[in-house]
Amino acid sequence: MSGAADASLTESPRWRPFTVPNLISLARLCCLPWFVWLVFGAEDRWAAALLLGALGASDWVDGWVARRFNQVSELGKILDPTADRLLLLVALVAMIVDGSLPIWIAVLALVREGGVAVAAVVLAAAGARKIDVTWWGKTGTFLMMFAVPCFLAGVSDIAAADVFRVLAWVFVAVGLPIHYWSAFGYVPQAITAVREGHTARRSP
């Protein structure tokens with residue numbers, strides 16, 4: 001009986017750290033220094049934009065792999081959005097310093113990400129259960145992760161720079177409102193999560 005229980009526990013999504021989606025998320029994080037070097041070391045904005053765009057697209061890939069091949073894990077639910085936020089944070093800060101992104105867009109995006117991060121810490125301290133990322137949240141992040149490299153490509157020396165500049169504004173016009181809408185959409189979930197967390201602690 002004990003052996004069956006142990007086997008069941010190890011097969012639980014919570015105990016599956018070595019999955020393909022988790023490795024993709026780790027690879028995305030490991031590419032951050034490369035992106036920073038491309039912007040400031042090599043001063044190659046086009047290559048940096050390509051890398052950042054690929055990292056943004058890989059966010060969709062790891063989610064698809066997790067669902068398609070039943071590799072969803074509790075670690076992945078934490079690692080994937082963490083990688084998203086760190087990628088966006090590093091890209092925004094780097095591009096503020098580089099001067100390739102309008103400051104007001106960077107500030108609005110950073111305020112949203114900072115607010116969500118602080119809220120997550122407060123909810124954890126309040127004993128709330130973990131809140132899963134919503135479709136709107138993923139969509140907003142996805143659009144912003146393409147807007148940012150388009151701005152970078154828009155100030156590069158490639159022939160299609162003007163096209164990327166237009167695309168950047170399109171992605172921002174759609175993605176930034178969704179980014180904020182999704183943040184406010186977590187409020188009722190947060191309230192429910194706190195209540196359920198308190199109920200779970202009281203139950204024997």
Side-chain angles (χ1 to χ4, degrees), residues 1-39 41 47-94 109 112-114 116-146 148-149 175 179 182-183 185-186 189-190 192-194 196-197 200-201:
M1 180 69 70
S2 175
D6 291 343
S8 175
L9 183 64
T10 55
E11 290 172 2
S12 168
R14 186 180 298 277
W15 297 99
R16 298 172 62 191
F18 300 109
T19 63
V20 172
N22 290 347
L23 292 176
I24 292 174
S25 294
L26 285 174
R28 294 166 69 207
L29 290 173
C30 291
C31 286
L32 286 176
W34 185 17
F35 168 76
V36 173
W37 177 79
L38 285 173
V39 174
L50 287 177
L51 175 60
L52 194 59
L55 295 177
S58 68
D59 177 43
W60 178 86
V61 173
D62 63 20
W64 181 84
V65 171
R67 293 185 297 272
R68 177 66 176 80
F69 298 99
N70 192 28
Q71 293 194 358
V72 176
S73 68
E74 292 301 316
L75 176 61
K77 291 179 180 180
I78 298 172
L79 188 59
D80 180 47
T82 299
D84 289 344
R85 290 196 176 96
L86 283 176
L87 281 169
L88 194 55
L89 175 64
V90 170
L92 290 171
V93 172
R112 190 272 185 188
E113 292 303 316
V116 170
V118 170
V121 173
V122 171
L123 287 172
R129 64 165 173 78
K130 183 184 177 298
I131 300 175
D132 292 334
V133 178
T134 64
W135 181 88
W136 285 109
K138 294 293 289 184
T139 301
T141 300
F142 186 79
L143 290 169
M144 291 302 295
M145 282 299 298
F146 276 98
V148 173
H179 214 40
S182 67
Y186 287 118
Q189 292 189 51
T192 302
V194 172
E196 291 180 356
R201 286 204 305 275

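Keep in mind that what you see is a predicted model, and the values were worked out from it rather than measured. In this chain, numbering begins with 1 at the start of the sequence shown.
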Undergrad: Just so I know, are the side chains of Met145 and Leu88 near enough to count as touching, which here means a heavy-atom distance under 4.5 Å?
TA: yes

Undergrad: Atom CD1 of Ile24 and atom CG of Leu55: how far apart are they, to the nearest 0.5 Å?
TA: 11.5 Å

Undergrad: If we count only N and O atoms by modelled type, under 3.5 Å, do the side chains of Asp84 and Thr141 hold a donor and an acceptor together?
TA: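 The answer is no; no qualifying pair exists.
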
Undergrad: Answer yes or no: is there a donor N or O on one side and an acceptor on the other, between the side chain of Tyr186 and the main chain of Thr134, under 3.5 Å?
TA: yes

Undergrad: First locate atom CH2 of Trp34, then atom CG of Leu51, and finally report the distance between them rounded to the nearest 0.5 Å.
TA: 5.0 Å

Undergrad: CZ of Phe35 to CG of Leu52: how many Å apart, nearest 0.5 Å?
TA: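 Separation between the atoms: 5.0 Å.
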
Undergrad: If you compare all heavy atoms of Met144 against all heavy atoms of Gly175, which two are closest, and at what distance to 0.1 Å?
TA: SD-C, 4.0 Å

Undergrad: Heavy-atom distance under 4.5 Å between the side chains of Thr139 and His179, does that happen here?
TA: no

Undergrad: For Ser25 and Ala83, which heavy atoms make the closest approach, and how far apart are they?
TA: O-CB, 4.1 Å

Undergrad: Find the distance between CZ (Arg112) and OG (Ser182) and round it off to the nearest 0.5 Å.
TA: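 The CZ atom of Arg112 sits 4.0 Å away from the OG atom of Ser182.
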
Undergrad: Given 3.5 Å as the limit, does a donor-acceptor pair link the side chain of Gln71 with the main chain of Val20, or not?
TA: yes

Undergrad: I need the Cys31 SG to Leu26 CG distance, nearest 0.5 Å.
TA: 11.0 Å

Undergrad: Is there a side-chain contact between Leu29 and Leu79 (heavy atoms, below 4.5 Å)?
TA: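 Result yes, sub-4.5 Å side-chain heavy-atom pair found.
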
Undergrad: Could you tell me whether Asp80 and Arg85 have a side-chain N and a carboxylate O separated by less than 4.0 Å?
TA: no

Undergrad: If I take atom CG from residue Asp62 and atom CG from residue Asn22, how far apart are they, to the nearest 0.5 angstrom?
TA: 8.5 Å

